[in-house]
Amino acid sequence: MNRRSWSWRPELGLAVVVLVLGVLVVVGTLDVSAAASQLGIGPRFFPVLVGGAMVLIGLFYVADVLRGGRGDPEESEDVDAEAPTDWRSLGLVSGIFLAFAALLDLLGWIVGASLLFFGLSVALGAGNKLRAAVIAVVMGVATYLLFVNGLGVRLPGGVLPL
């Protein structure tokens with residue numbers, strides 16, 4: 001193996017970042033203590049799963065880069081690197097997230113998340129607003145039920161008597 005394959009490259013930096021973040025997620029999750037949910041999994045399950053996957057991906061990525069692997073050059077079809085930033089969309093998305101964070105306790109998860117999902121879909125160009133609204137409500141209710149019943153995490157009820 002030649003000396004060039006062991007030199008620092010941006011791909012190695014990204015691989016190390018993924019590996020370190022995975023370790024930090026797993027280590028940070030070890031302090032979490034709460035009862036298991038009705039499904040038998042507690043609040044540590046998904047963070048440990050994601051962190052463990054990041055560690056594995058990071059290890060494989062580091063090994064690949066050290067053996068000479070390189071990232072593929074950008075070959076996007078739909079991306080124009082010279083196009084200006086769409087400040088309107090960026091502002092809308094940022095405002096929607098900030099409003100969600102500010103109003104979550106007042107509105108509750110189901111109403112707040114439904115408005116978040118609907119607002120984001122419209123801001124990002126959803127064509128059929130009725131369909132976007134229905135999907136947003138379904139996603140708001142589904143995520144509420146998953147977190148509350150599946151993971152045992154308490155979410156704010158807000159205006160709904162939950």
Side-chain angles (χ1 to χ4, degrees), residues 13-62 71 74-162:
L14 180 61
V16 170
V17 166
V18 170
L19 178 62
V20 169
L21 285 175
V23 169
L24 290 174
V25 167
V26 171
V27 170
T29 304
L30 296 178
D31 292 355
V32 175
S33 62
S37 69
Q38 294 174 350
L39 298 177
I41 56 176
R44 283 191 276 182
F45 177 76
F46 287 107
V48 168
L49 184 70
V50 170
M54 288 177 69
V55 169
L56 281 175
I57 290 168
L59 286 172
F60 285 126
Y61 195 16
V62 167
E74 181 63 40
E75 297 178 6
S76 299
E77 298 173 8
D78 299 346
V79 177
D80 181 6
E82 304 300 319
T85 302
D86 183 1
W87 291 107
R88 180 183 175 277
S89 294
L90 180 63
L92 283 171
V93 168
S94 299
I96 291 166
F97 273 114
L98 290 174
F100 171 72
L103 298 172
L104 179 60
D105 284 333
L106 176 68
L107 297 176
W109 179 265
I110 293 176
V111 174
S114 297
L115 290 172
L116 170 73
F117 297 143
F118 175 71
L120 290 176
S121 65
V122 170
L124 296 174
N128 187 330
K129 290 180 180 48
L130 178 60
R131 181 177 54 200
V134 169
I135 292 172
V137 171
V138 169
M139 287 180 59
V141 171
T143 55
Y144 180 84
L145 293 174
L146 175 70
F147 277 95
V148 172
N149 295 334
L151 298 175
V153 175
R154 188 176 176 282
L155 295 174
V159 296
L160 298 177
L162 303 174

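Every residue two or more places apart in sequence or in another chain that forms a ring pair (Phe, Tyr, Trp, His ring centres under 6.0 Å) with Phe100 is listed here: Trp109.
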Do any side-chain atoms of residues 87-95 form donor-acceptor pairs under 3.5 angstrom with protein atoms, and if so which ones, sequence neighbours left out?
{"from": "Ser89", "atom 1": "OG", "to": "Asp86", "atom 2": "OD2", "distance (Å)": "2.6"}
{"from": "Ser94", "atom 1": "OG", "to": "Leu90", "atom 2": "O", "distance (Å)": "2.9"}

Could you list the donor-acceptor pairs under 3.5 angstrom formed by side chains in residues 113-126, with sequence neighbours left out?
{"from": "Ser114", "atom 1": "OG", "to": "Ile110", "atom 2": "O", "distance (Å)": "2.6"}
{"from": "Ser121", "atom 1": "OG", "to": "Phe117", "atom 2": "O", "distance (Å)": "3.3"}
{"from": "Ser121", "atom 1": "OG", "to": "Phe118", "atom 2": "O", "distance (Å)": "2.8"}

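In this structure, Val18 and Met54 approach most closely via the heavy-atom pair CG1-O, 3.5 Å. Nearest approach of Val25 to Pro47, heavy atoms of both residues: CG1-O, 3.3 Å. Nearest heavy-atom pair, Val26 versus Gly52, reported as atom, atom and distance to 0.1 Å: CG2-N, 3.6 Å.
The CG atom of Leu21 sits 12.0 Å away from the CD1 atom of Ile57 when rounded to the nearest 0.5 Å.
Partner of Leu19 under the side-chain contact (heavy atoms from CB on, under 4.5 Å) criterion, chosen from Leu14, Leu24, Val55: Val55. Checking Leu104, Asp105, Val111 one by one against Leu107, the side-chain contact (heavy atoms from CB on, under 4.5 Å) holds for a single residue, Val111.
Contact check for Val148 versus Val153: no side-chain heavy atoms found under the 4.5 Å cut-off.
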